[in-house]
Structure formats: structure tokens, C-alpha cells
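Down below is the structure, laid out as C-alpha cells.
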Amino acid sequence: MPSPIPPCGIARSASSRSSAAGRPHSAPWERTEARAFAFFAIRKHGNTMLDPKRLRNDIETIAAAVGRRGFELDVEQFRRLEERRRDLQTETQRLQHERNERSKRIGEAKARGEDIEPLKSEVTEIAGRLKEAEAELDTLQAEIEEFLMGIPNPPHDDVPTGDDEEDNEEVRRWGEPPAFDFEPRDHVDLGARHDWMDFEAAVRVAGARFVVMSGAMARLHRALIQFMLDIHTREHGYREMYVPFLVNAASARGTGQLPKFEEDLFVTAGDPAYYLIPTAEVPVTNLARDRIIEAGQLPMRMTAHTPCFRSEAGSYGKDTRGMLRQHQFEKVELVQLVAPERSWDALEELTGHAEVVMQRLGLPYRVVTLCTGDLGFSAAKTYDIEVWLPGQQRYREISSCSNFLDFQARRMGARWRNPQTRKPEYLHTLNGSGVAVGRALLAIVENYQQADGAIAIPEALQPYMGGAEFLEE
RNA sequence: GGAGAGAUGGCCGAGUGGUCGAAGGCGCUCCCCUGCUAAGGGAGUAAGGGGCUGAUACCCCCUUCGAGGGUUCGAAUCCCUCUCUCUCCGCCA
């Protein structure tokens with residue numbers, strides 16, 4: 001039976017990036033959403049973001065790995081909880097068995113026309129004890145879930161240990177920062193020409209962290225989107241997707257925005273609430289939620305252009321000038337769903353796909369491996385692509401490419417059927433920006449600026465701009 | 001917004017209180033037959049969790065028929081609440 005999901009696939013994660021180290025996490029049990037999800041996880045998938053079996057068998061290794069990201073896993077606490085859980089669960093199941101057996105016997109006795117009253121009172125007594133045991137077990141399991149939910153994805157061995165972006169490891173550079181024989185301006189100054197970028201208008205219409213673009217600049221923005229989508233669909237084998245920009249809570253949970261990072265999201269007022277997507281990763285990766293995908297359909301490579309909405313809570317005062325950090329921006333996203341053994345290769349490929357965009361645009365960039373302190377909560381490894389910004393004289397993130405292994409798949413129930421075992425198993429998810437449109441735009445403006453304030457158009461983009469070599473009007 | 005119907009395994013679809021984890025079909029796996037192909041015959045085939053174990057092998061057990069709660073000795077089946085889907089009407093594109 002054909003899956004409604006088209007064959008294709010890559011993924012990324014700016015959102016999941018919201019960090020393990022950066023933000024103080026509130027304890028899960030302090031939030032009702034976390035509790036609700038804990039039950040959800042138990043009932044729906046019976047697991048959490050980490051493989052519970054692996055935790056039981058090899059908790060020391062996991063503790064050491066997440067310890068590298070500054071996360072202290074309380075091994076003793078876990079063992080205590082687990083021991084109690086095992087006893088309680090065994091007892092509960094014993095009582096359930098007892099009840100089932102005796103109820104069955106009542107049915108048989110009744111069929112024979114015997115007196116069933118004494119049997120009934122017996123089962124009633126068992127049911128009473130069972131109810132208590134079940135309630136206690138529920139409470140305990142919720143507690144364990146809360147404990148597990150707070151554990152980040154153990155970083156891959158390759159990931160350098162570090163505190164913040166200072167400790168990220170440069171992998172490679174491409175291109176040379178342009179040498180200007182004049183003082184380069186930033187995109188805010190350059191964008192003021194012809195009202196190409198109007199931040200004041202945006203404040204009147206919406207507020208801070210928005211932009212209004214007009215004329216050739218608006219067209220350039222649109223051209224970039226077409227350009228990127230064409231590359232990924234025609235050359236890299238991705239299927240173009242159009243997806244909802246508002247998602248339900250289950251999807252926000254699936255990719256990890258909820259429950260921990262709710263304050264990063266915009267939410268609608270109605271009931272049920274919708275969440276404005278902070279990245280296309282959310283609707284696209286969730287296409288696989290609660291599904292079993294046939295092996296022949298993997299790898300699934302999907303690309304989507306979407307707006308992204310972020311509250312940017314906690315980044316007050318950061319990057320307030322210009323359009324580097326906005327509440328609304330656009331992105332062409334790459335998402336891949338792959339068989340587990342393929343995911344590390346897929347991460348290299350996916351990162352390469354994003355790099356092609358940079359190279360075609362002639363934008364100097366470097367690739368860094370995020371250190372443990374900068375790594376997003378759900379990612380096992382992330383490459384950031386950073387573009388050179390003459391206005392800031394430094395490299396800034398323009399794409400973030402991550403392998404989540406089975407971390408996301410586990411919590412959203414995204415599986416594939418392993419031909420070897422014939423069993424459904426969790427698949428691996430990846431995603432990456434290919435690339436952020438707004439940031440690509442301002443990178444072009446700054447890197448292609450002329451002494452007189454004119455902006456040249458990268459050659460590869462000219463066909464998308466009616467053949468023009470400079471932004472006009 | 002008004003009225004009605006429905007939600008069952010990878011998919012379709014039976015099933016109105018016990019022997020139903022669930023008929024049948026499709027799909028899939030293995031075997032047989034057929035000189036390729038097509039067709040045919042047989043067997044098997046839900047997921048999650050726990051226990052046991054060197055074991056992701058057997059075996060035993062528990063849970064799950066949209067979600068949650070209730071009635072009952074016993075619930076896919078009865079009751080309540082919620083969510084979603086479909087059809088018709090209205091409304092708006």
C-alpha cells in the first residue's frame with residue numbers, strides 16, 4: 001500500500017537548536033504540559049526520547065555522554081525508580097492476570113448454571129486491590145517519564161566538548177571574504193536606498209523584529225526561494241512539499257518544541273490552539289508521525305519553503321539591528337527520513353546540499369561542528385554553515401544541519417519496516433536549512449555591495465531576476 | 001453555524017456483554033504447482049510493555065479496537081465527556 005508520504009527526504013533543526021545549555025530548563029514536573037505528554041508517551045508509544053532499554057542496560061555510558069553537555073544524569077535516582085517500577089508492575093500484572101482468569105471462570109460457571117455469587121465477590125476484592133496498584137504504578141511511571149523526558153540526546157563521539165559557540169570546531173571554509181576598497185556598510189544602511197528595507201514601516205504595521213521589503217529587494221527575496229527549491233528538487237533529489245504553517249500540539253511535541261520550548265512559539269488563541277511553525281521541520285518531519293514507512297520508500301527526501309515564526313523570547317537585545325533575527329522569516333528546509341545505518345552519511349550529504357546553495361551564490365562561508373554546549377536538545381550532531389557578513393566582519397549562522405538519530409522518531413512514533421526483521425523500527429530523522437532566505441538575502445546585499453551603494457546580483461540568481469545584474473529601483 | 005453518519009490490525013472491513021487480539025478480504029513472508037509472465041494451492045503475518053535469559057532466540061504474562069472517564073465479576077460491544085473524519089444545509093471564498 002503506497003504511503004501518502006512521497007519518496008524523498010532530509011531534515012534540519014534550527015528549532016531544536018534552542019539549546020540544551022543556553023536556556024535554563026524548568027523542571028518538567030513544574031509544567032502541566034510535560035505531565036500530559038508523559039502520559040501520552042506511555043500510552044501511545046511506551047517510550048521516551050531515549051531508548052528505555054538502553055538506559056536500563058547502559059546508563060553509565062549515557063550518563064557520561066550527556067555529561068559532556070553539562071547535563072547531570074542522576075543514575076542512582078533512576079535505579080531507585082526503576083526498581084520500584086519493576087516490582088509494582090509485576091504485582092499489577094499478576095493481579096490483572098488473576099482477575100482475567102477468574103472472570104473467565106465466572107462465565108463458564110454461569111453457562112453451566114452454577115451459583116456465581118461467591119466467585120463474584122472474590123473478583124471484586126481482587127479488583128479493589130488492583131485499582132490501588134494501578135494508580136500507584138501510573139504515578140510512578142509518570143515520574144519516570146518526567147525524569148527521562150528531560151534527558152537530551154547523547155552527543156555523537158565526534159562532537160567536541162565545550163560550553164558555547166566559542167568552542168565550536170571549524171571543519172572547512174569556502175570562498176574569501178570580499179576585499180573592499182571602501183568602508184563596507186551593513187544591510188540596514190544599504191537597504192535604506194529606495195526603501196528596499198523599511199524597518200520603521202514594519203514597526204508601525206507589526207512591531208520590532210519585522211521588516212517590510214519593497215521593489216527589487218522583495219523580488220530578490222522571492223528569487224532566492226525559487227532558486228533554492230530548484231536546486232534541491234532538480235539536482236539533489238528532494239520532493240517539494242507545501243505544508244501547513246500552523247500545527248497542532250501533537251506535532252509540536254513530535255519534533256520537540258513542546259513541552260520544553262513552548263515560550264519560543266507563537267500560539268493561536270482558540271481552542272484547540274494552533275502553533276505557528278518555527279521551522280518547516282515541524283510540519284514536514286511530522287508527516288511520518290505514527291506511521292510505518294516501507295523500506296523501499298527510504299530515504300525520504302523532502303524540501304519545503306515556509307515562513308517561520310519565533311517569539312525570540314530570551315534574546316532581548318541580541319541582534320536587534322536589521323533583519324538577522326526576526327519574528328518572521330522564510331526558509332527553504334531540507335528534511336530526510338532514513339534507515340538508521342544511513343543517517344551519518346545522510347548528514348554529510350545534506351550539509352553538502354546546503355553548501356551548494358552558498359557556492360552558487362558565491363557567498364563565503366565556513367562549516368562548524370557545534371560543540372556539546374551549543375548543540376540542540378534533540379540533536380546528536382549538528383553542522384552550522386556560517387556566512388561571512390561584511391557589515392559585522394564575522395561569520396553568522398545561515399544553516400543548521402542535524403542528525404537526530406531516532407530521538408525525534410521515537411517520540412513521534414515514526415517507524416519503518418526493516419526488511420531484515422520484518423518488524424517496524426524507529427527510523428532516523430535529519431534536517432537542515434537549505435538555506436535561510438532572509439539571511440541569504442542580507443548576506444548578498446552586504447557581500448555584493450558596490451562603492452556607490454548599488455547591489456550586484458550573483459550570476460546564478462540573475463535568470464531569476466529577469467537577467468538584471470544589479471538591483472534596480 | 002444547523003442536521004446526520006462514523007472512528008477496529010500495514011490497508012479495507014465484520015463484530016451490540018464472556019470462549020474476540022478480534023471473521024473475511026487485500027498486502028506482505030515462506031513453501032508447492034505451473035517450462036518464463038499471468039493464474040492457482042498451502043502455511044504464516046498487529047503493536048507496545050513486563051518477566052525469564054548470555055540473547056533484540058524461545059517461553060509466560062500484561063496492555064491496546066479514536067482519547068478520557070463510568071457501569072459490570074467481565075466491555076471493541078452499554079453510559080458520559082472530548083477529539084477528529086465524512087455527508088447534507090447555511091455561510092464565506
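Order of the sequence lines sets the chain letters (A, B, ...), proteins ahead of strands, with each chain counted from 1.
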Please give, in whole Å, the distance from [N] [atom2] to [X] [atom1]?
{"X": "Glu294(A)", "N": "C28(B)", "atom1": "CD", "atom2": "P", "value": "10 Å"}
{"X": "Lys104(A)", "N": "G17(B)", "atom1": "NZ", "atom2": "P", "value": "19 Å"}
{"X": "Arg422(A)", "N": "G10(B)", "atom1": "CZ", "atom2": "C1'", "value": "10 Å"}
{"X": "Glu108(A)", "N": "C73(B)", "atom1": "CD", "atom2": "C1'", "value": "13 Å"}

Is any NZ, NE, NH1 or NH2 atom of the basic residue among [X] and [Y] found under 4.0 Å from an Asp or Glu carboxylate oxygen of the other?
{"X": "Glu134(A)", "Y": "Lys131(A)", "result": "no"}
{"X": "Glu98(A)", "Y": "Arg102(A)", "result": "yes"}
{"X": "Arg342(A)", "Y": "Asp345(A)", "result": "yes"}
{"X": "Asp406(A)", "Y": "Arg410(A)", "result": "yes"}
{"X": "Arg209(A)", "Y": "Glu312(A)", "result": "no"}
{"X": "Arg112(A)", "Y": "Glu114(A)", "result": "yes"}

Notebook entry, point to check: Taking Lys381(A) as the fixed residue, which of Asn403(A), Asp158(A), Asp157(A), Asn153(A) is the one that meets the side-chain hydrogen bond (donor to acceptor under 3.5 Å, both in side chains) rule?
Noted result: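 Exactly one option meets the side-chain hydrogen bond (donor to acceptor under 3.5 Å, both in side chains) with Lys381(A), and it is Asp158(A).
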Checklist line | Glu425(A) versus Thr421(A), side-chain donor and acceptor atoms under 3.5 Å | finding: yes
Gap in Å between the two [atom1] atoms, one belonging to [N] and one to [M], rounded:
{"N": "G25(B)", "M": "U45(B)", "atom1": "C1'", "result": "14 Å"}
{"N": "A38(B)", "M": "A22(B)", "atom1": "P", "result": "34 Å"}
{"N": "C65(B)", "M": "U77(B)", "atom1": "P", "result": "8 Å"}
{"N": "G35(B)", "M": "G21(B)", "atom1": "C1'", "result": "44 Å"}

Margin query: Within the 4.0 Å heavy-atom criterion, would you say Ile106(A) contacts the bases, only the backbone, or no part of the nucleic acid?
Written below: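 Since a base atom lies under 4.0 Å of Ile106(A), the category is base.
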Next item on the list: Flag the pair Phe329(A) / Arg439(A) as yes when at least one side-chain heavy-atom distance between them is below 4.5 Å, and no otherwise.
Entry: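 They are not in contact (no side-chain heavy atoms under 4.5 Å apart), so the answer is no.
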Margin query: If you take any heavy atom closer than 4.0 Å to RNA chain B, which residues from residues 122-133 of chain A end up in contact?
Written below: Val123(A), Thr124(A)
Item checked: For RNA chain B, the residues among residues 86-99 of chain A that have a non-hydrogen atom under 4.0 Å from it -> Arg86(A), Gln89(A), Gln93(A), Gln96(A), His97(A), Arg99(A)
Note to self: C61(B), OP1 or OP2 - any side-chain N/O from Asn100(A) closer than 4.0 Å?
What the structure shows: no
Check: What base-paired stems does RNA chain B take part in, with at least 3 consecutive Watson-Crick or G-U wobble pairs and both distances under 3.5 Å?
Finding: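 Output for stems: B:1-7 with B:83-89, B:10-12 with B:24-26, B:27-32 with B:40-45, B:46-51 with B:59-64, B:66-70 with B:78-82.
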Checklist line | Glu82(A): which of Arg79(A), Arg85(A), Arg80(A) passes salt bridge (charged side-chain N to carboxylate O under 4.0 Å, His left out) | finding: Arg85(A)
Listing time: all N or O pairs from protein to nucleotides 80-85 of chain B that are below 3.5 Å?
none

Note to self: Ignoring hydrogens, what is the shortest heavy-atom contact between Arg289(A) and Ala250(A)? Give both atom names and the distance.
What the structure shows: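 Heavy-atom minimum between the residues: NH1-CB, 3.5 Å.
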Note to self: With a 3.5 Å distance limit and no angle check, can you tell me whether Arg411(A) reaches the backbone of Arg253(A) through a side-chain donor-acceptor pair?
What the structure shows: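 Yes: the side chain of Arg411(A) pairs with the backbone of Arg253(A).
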Check: How many angstroms lie between atom CG of Leu370(A) and atom CG of Asp167(A), to the nearest 0.5 angstrom?
Finding: 11.5 Å
Margin query: Using the ring-ring contact (aromatic ring centres under 6.0 Å, His included) criterion, which residues pair with His305(A)? Sequence neighbours excluded.
Written below: none
Margin query: Would you call the rings of His327(A) and Phe210(A) parallel, tilted or perpendicular, taking 30° and 60° as the class edges?
Written below: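 Ring orientation, 0 to 90° scale: tilted.
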Check: Counting side-chain heavy atoms from C-beta on, which of G18(B), A47(B), G49(B) comes nearest to Arg56(A)?
Finding: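 Minimum distance to the Arg56(A) side chain belongs to G49(B).
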Check nucleotides 42-46 of chain B against the protein and report each pair of N or O atoms closer than 3.5 Å, with its distance, or say if there are none.
none

